[in-house]
Protein chains: 2
Amino acid sequence: MPQPAARTRLPRAERRAQILTAATRAFARHGFADTGLDEIAEEAGVTRVVLYRHFDSKAELYRTILDQACSRLAERVGTDDFEDDAIPALLGAAAEDPDAFRLLFRFATREREFQDLTDSLSAAAVTVARSNLAKQIPDGPWLDWAAQLIPTLTTDAVIAWLDSGQPDPDTAAERIRAAIHGISQAAAQPPPSSS
Amino acid sequence: MPQPAARTRLPRAERRAQILTAATRAFARHGFADTGLDEIAEEAGVTRVVLYRHFDSKAELYRTILDQACSRLAERVGTDDFEDDAIPALLGAAAEDPDAFRLLFRFATREREFQDLTDSLSAAAVTVARSNLAKQIPDGPWLDWAAQLIPTLTTDAVIAWLDSGQPDPDTAAERIRAAIHGISQAAAQPPPSSS
DNA sequence: ACGGTTGTATACATGCGAGTAAACATACGT
DNA sequence: ACGTATGTTTACTCGCATGTATACAACCGT
């Protein structure tokens, strides 16, 4: 039997879970629009028909994945405020499910149809960053600049950390913190006295 | 005449150019897949049919835009090496055509069908960053990390600069440079001797 | 005033991926 | 051994955005 890959026939709940992880992996490569159902089915080692026995549509499957990812993230990092240990928490979440993290921050945040799911997240991040920076940076474009840049820098740094093989998380947290500090320092430079 | 918007009837070449800029604006909002032809047509103040009198397909239109954007970028920044004035050059290019810049770095780099157009660009950026960092950072995951992160940080910083209203470009260049420096410093920290 | 160019309107063609249906196959619990 | 749950196969339907065809309208140079 040259088919050692997938053990067929899982109980419903497990199959569902397995489809979710497989789909997350598949979507994490090219996002929603550029990932076909057949691709997902193949990734799960299953026929396209089976997908529909567990999810009503491609969109519902995707939303389920995104919901789950957001929930887990909120669970680890906290919704409202970003404590001092937010970065280690973020790294933890990313390490726990790298595909979900990549999917969320590399693709989902840019996808029209699903921005309702990610907007609150992003907006919150920017707001928090902004309020943290407000102590050091006067109101104006440079505050906007830093407040927008820092959240994306953070998630990009985490993704780069994943891509580079997840070296020591404590060091990573330290360095990401330093990078963020670098930005806020840069933005807090002596007022743009020009020349 | 309740139609003050678009002056109709342009000579062919100008119409083509106008379509290109309008399409760039439209695509820059949600990328290739999530932007319909009707949206583009409306943005150009023209019927969908007219688009096809100038371009064979949506894909060809998109590739034309991307080609142009890449060319202009290369023209300003240089293909091979990143001189010291690369950042001001990048800011200049972004200011000259913000939509194209956003389109290129926020969407096109993540779109499956067009990665052939952007991959060389991205790959070059990472390589250059890497060689620049190699002086300060030993080979290993942290070098990978910084080499991947710095290019994306740079383009994200430029986009954030655009979004915040393009305050003084010289200051911006300075601050982006500082942010980059921050990353490379962070990555060059004393070897991960760990706790 | 005429011929070509540019644009409009409208209706249609087409393809592709999502989604459905129905018949068959086989593991698994009991 | 039997019935149910799970999965496969195959062959569909369907919607929708892309792409096309045709006839009409108006501007523009000469």
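All chains are named by letter (A, B, ...) in the order of the sequence lines, taking the proteins before the strands, and each is independently numbered beginning at 1. All values below were derived from every heavy atom in this structure, side-chain atoms included, with hydrogens, water molecules and symmetry-related copies excluded.
Using a 4.0 Å heavy-atom distance criterion, B:V49 is classed as a base contact.
Contact annotation: side chain of B:R15 to base of C:dG7, donor-acceptor pair absent below 3.5 Å. At a cut-off of 3.5 angstrom, the base of D:dA5 holds at least one donor-acceptor pair with the side chain of A:R9. For A:R53 and D:dT6, a side-chain-to-base donor-acceptor distance below 3.5 Å is absent, hydrogens and geometry of angles not being considered.
Atom CG in B:L51 sits roughly 11 Å away from atom C1' in D:dG19 (whole-Å rounding). One interatomic measurement links the two molecules: OH of A:Y52 to P of D:dG7, which rounds to 17 Å at whole-angstrom precision. If you measure from atom CD of A:E42 to atom P of C:dG17, you get 15 Å, rounded to the nearest angstrom. Between the NZ atom of A:K58 and the P atom of C:dG19 there is a distance of 8 Å, rounded to whole Å. If you measure from atom CD of A:E14 to atom C1' of C:dA27, you get 15 Å, rounded to the nearest angstrom. Note: CZ (A:R12) to P (D:dG7) measures 9 Å, nearest angstrom. In this entry the distance linking CG of B:L61 with C1' of D:dA17 reads 15 Å, nearest Å. Summarising the geometry, the separation between CD on B:E39 and P on D:dC16 is reported as 16 Å, rounded to the nearest angstrom.
Enclosure of atom CD in B:Q115 by more than 12 non-hydrogen atoms of other residues, nucleotides or ligands within 6.0 angstrom is indicated.
The side chain of A:R48 sits closest to C:dT20 out of D:dT18, D:dT8, C:dT20.
At C:dT8, one or more side-chain N or O atoms of B:T47 fall inside 4.0 Å of OP1 or OP2 (strictly under the cut-off).
Within the 4.5 Å cutoff, no side-chain heavy atoms of B:H181 are placed close to those of B:I150. Taking the side chain as every heavy atom from C-beta outward, A:L121 and A:L73 approach each other to under 4.5 Å.
Screening A:T155, A:D97, A:T24, A:D163 against A:R102 for a side chain to side chain donor-acceptor pair (under 3.5 Å) leaves a single residue, A:D163.
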Next on the checklist: Run the side chain to side chain donor-acceptor pair (under 3.5 Å) test on A:E111 and A:Y62 for me, step by step, so that the C-alpha distance in whole Å, both residues' side-chain angles and the decisive distance to 0.1 Å come before the verdict.
Outcome noted: CA-CA 12 Å; A:E111 284 164 344; A:Y62 198 65; 2.6 Å; yes
